[in-house]
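Heavy-atom basis, side chains included; hydrogens, waters and symmetry copies ignored.
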Amino acid sequence: MAELLKLGSELEDFQKEHFNRNSLAEENRQRDHQAATQIQSWFRACKVRAYLSHLHKKAIIIQKIWRGFTARARFRQMVKAAYFIMKMNFYEEMAVRIQQRWRGYFVRKYIHNFYARKSYLEGLSMKNKLVRRQLDELEELQQRERYCLEIVKEQTAKVYQAHRLHHLLSTKQCPGVFNSPFRPDPHEMELLLRQVKYQAPTKLASREGACLLSPPAPTAMSFPGTLGSPWIKSRTCRSPRPILPPIASKRQQGLFREPGEVWEQRLHFPELSSHLQTSYTHLEEAQNELRHLESVRLHSSTPRSRQCSPSATTLTSFFFCNPKQARLCNTPPGLNK
Amino acid sequence: MSQRQIIQAFEQYQKSRMQFVQTVADLAARPQNIETLHNAGVMSMLRPLMLDVVPSIQQTAALALGRLADHSDDLAEAVVKEDILPQLVHSLASQNRFYKKAAAFVLRAVAKHSPKLSQAVVASGGVDALVLCLEEFDPGVKEAAAWAMGYIARHNASLSQSVVDAGAVPLLVLCLLEPEMALKRIAASTLSDIAKHTPELAQTVVDTGAIAHLAQMILSPDAKLKRQVFSALSQISKHSVSLAEMVIEAEIFPAAVACLRDQDEYVRKNVTTLMREVVKHTPELSQVIVNCGGMAAVIDYLGDCHGNLRLPGIMMLGYVAAHSESLAMAVILSKGVPQLALCLSEEAEHHIKAATAWSIGQIGHHTPEHAKAVATANLLPKLLLLYLDASSSEDLQTKSKKALKNILQKCTYLPALEPLLYDAPSNILKHVVCQFSKVLPHDSKARRLFVTSGGLKTVQEIKAEPGTPLQEYINSINSCFPEEIVRYYSPGYSEVLLERLENYQPA
């Protein structure tokens, strides 16, 4: 029993103990709970942190590897570019070197060629010398030509003078002006006069030529029949140059008539004025001649020698236009009556 | 009987009219009578006679009128005011050739004086009537008409445009083919007058093929014709490169060079003018002329003429030399520089001197070699003298200054530069000293000569303001010499020495 009692007391103790303990536990429950939570939170935090750091480490590894990869790739690119640039620079430098050699060569050879320039300048001075010489020659030639022309002109003038002075030629009986007996030898004009044959004065020709073309030529009528003289014809044939009709008829009015005209007048004077020389049949003859001439003139519309047609016209004008002469032609029958 | 009397009265009237007109025409031939004739009212008397029934009176009246208008521009204006031109122009189409000649003479005499009077002739339809006259058979009429048109076209571009518009150019070119010398001359001169104004007018003349005909006449023996031909060619070629090339392509060149020895001086002058006008356009054209020996001929030509005749030759040398350095070298080789020096010293007129200075500048400004050629001809002091001469014209001064400057900037020939150190003003001196400062550092002989000839001393005496380029050049010259020498030659060195002597205390 003791034991029971013991047991009972023990039970009671136990109960008390149990109560105490329970109340204690109840008292501490809050705290314990908090502590447990703290411990749990710490532990969980530790766990999460560990995980995070683990993740971090992994990320870093990934990043590290990636960055390294890209950087290496970029670097490789850069190296490549730098190498390329270096190469290009080198090539360009070499190209410039080639170009400069080539350009230097080309320019020296073809553009600023010293030898070509030298030879060009030499050639130029040669050419200049040549041109100068040629021009000098040309000038001399021209001068000589002019001189010759002058001499020819002078000579013709002298010959003309000699023609004009032909009457001063000395004869066997009487020495001329240029052949003075007191001179040792005759004057050169005398020699010239001896050479020159007497010719009709030249003025006639120009007058006759003038009446070919000049429209109003009243003077041509006043001295008609200029071509009737054999002297003139021979003169025109013998003249050295072909005589062209002058463009403008210039009638000079001088104090004296030209010697040719005077001479012509003298030649024709008796024919015009002397009645005695006219025959009885003069009128008929004249009419016949006129008719003949008219027919000739009609035919002369076909081209004839130039010298003939004016003579025909002048002759007809001689018969028709000059009233005095016409009257002269008509007078003989009147006298006969 | 009465009929005869009537006729006689009329005949007498006609005779006296004729006599009056002839007397007036004879009187009008002398310039001293003009005043009196004008005061006597000759214009109003001649005007009805222009409408006379007798052609010879009309013609003589026109002749008298032409002579009157020829002598004074007052009378020419009076002709315009009296309204004579329209009836002249009207009858120009219908009358005989003698009258046409006289009427063209009147138109010419009126048009000669001023652009305004020419405009009056154009306004009255004179040009068209004159063009009709150019189609006439008679060479005298053609000549008179061409002459009148030349006088009209001479004044300005619009007048010559009106001549061209009337279709005169082809007919004038036909006139060039006529056998008469006088007509050829006048036609060439008229073409020249037409072509001289604008490129378009010159192109019109060229388009009718005038160049080929003109080129054929270069070798003609007639000097006056040659004058006109060369004048026409130069007037054509002066406008543009293409026209000048067309003139060159007519292959006138060796032949034209031969004409530089012609007896007539105006032929020579016109040939030179032609060359100048051709040469001024491009280096290639200059090359053509130089290669056919034209340069030498022109330089010879410069030797045997004087005054204004020289001007085109001088300008031609300048134009050629301006194009390129090899052409300038060609001028130097053809002995152009001594000839220009001769011109510069012989000629008195300032514009010729100015042209010569310009040409010399063009020759010398290419390379040191060119500058040396100019400097050895002793031209630099002459140019300086012209520049400094107060009586020189402004143009001459600027031209000689420019030439001097251009040559000095290239010149490395020191003996010729040294005289300029003594008497040049500072704006020229600058360039001289600059050349010394460039050459002396590299040439020991020159340095020695520079010292012994007193150049260094002169340089030390130059008073330059510090900071100016002149001072810089002097400094760089000084740096080529040892300091003692520089100090020895600087002014006032003897005083410095004496001062040092006074301050010196023997120990």
Is atom [atom1] of [X] surrounded by more than 12 heavy atoms (other residues, nucleotides or ligands) closer than 6.0 Å?
X         : atom1 : answer
Gln99(A)  : CD    : yes
Glu178(B) : CD    : yes
Tyr120(A) : OH    : yes
Met126(A) : CE    : no
His112(A) : NE2   : no
Gln287(A) : CD    : yes

**Item:** Which portion of Leu138(A) sits near chain B, non-hydrogen atoms under 4.5 angstrom
**Value:**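 Only the side chain of Leu138(A) comes within 4.5 Å of chain B.
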**Message:** Is Leu121(A) in contact with chain B via its backbone, its side chain, both, or neither, using a 4.5 Å heavy-atom distance?
**Reply:**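 Backbone plus side chain of Leu121(A), per the 4.5 Å heavy-atom cut-off to chain B.
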**Pairwise distance CE(Met295(B)) to OG(Ser125(A)) - rounded to 0.5 angstrom** =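 Output value for this atom pair is 13.0 Å.
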Give the minimum heavy-atom separation between [X] and [Y], together with the two atoms involved.
X         : Y         : value
Leu135(A) : Ala258(B) : CD2-CA, 3.6 Å
Arg261(B) : Asp136(A) : NH1-OD1, 2.6 Å
Val131(A) : Cys292(B) : CG2-O, 3.9 Å
Gly293(B) : Asn128(A) : CA-OD1, 4.0 Å
Ala330(B) : Leu124(A) : CB-CD2, 3.1 Å

**Item:** Options Gln143(A), Gln134(A), Lys129(A), Arg117(A), ranked by heavy-atom pairs under 4.5 Å with chain B, top entry
**Value:**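 Answer, by heavy-atom pair count under 4.5 Å with chain B: Arg117(A).
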**Request:** Output the option from Gln142(A), Arg132(A), Arg146(A) having the highest count of non-hydrogen pairs under 4.5 Å with chain B.
**Result:**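 That would be Arg132(A).
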**Item:** Residue among Asp262(B), Ile299(B), Leu333(B), Leu260(B) with most heavy-atom pairs under 4.5 Å to chain A
**Value:** Leu333(B)
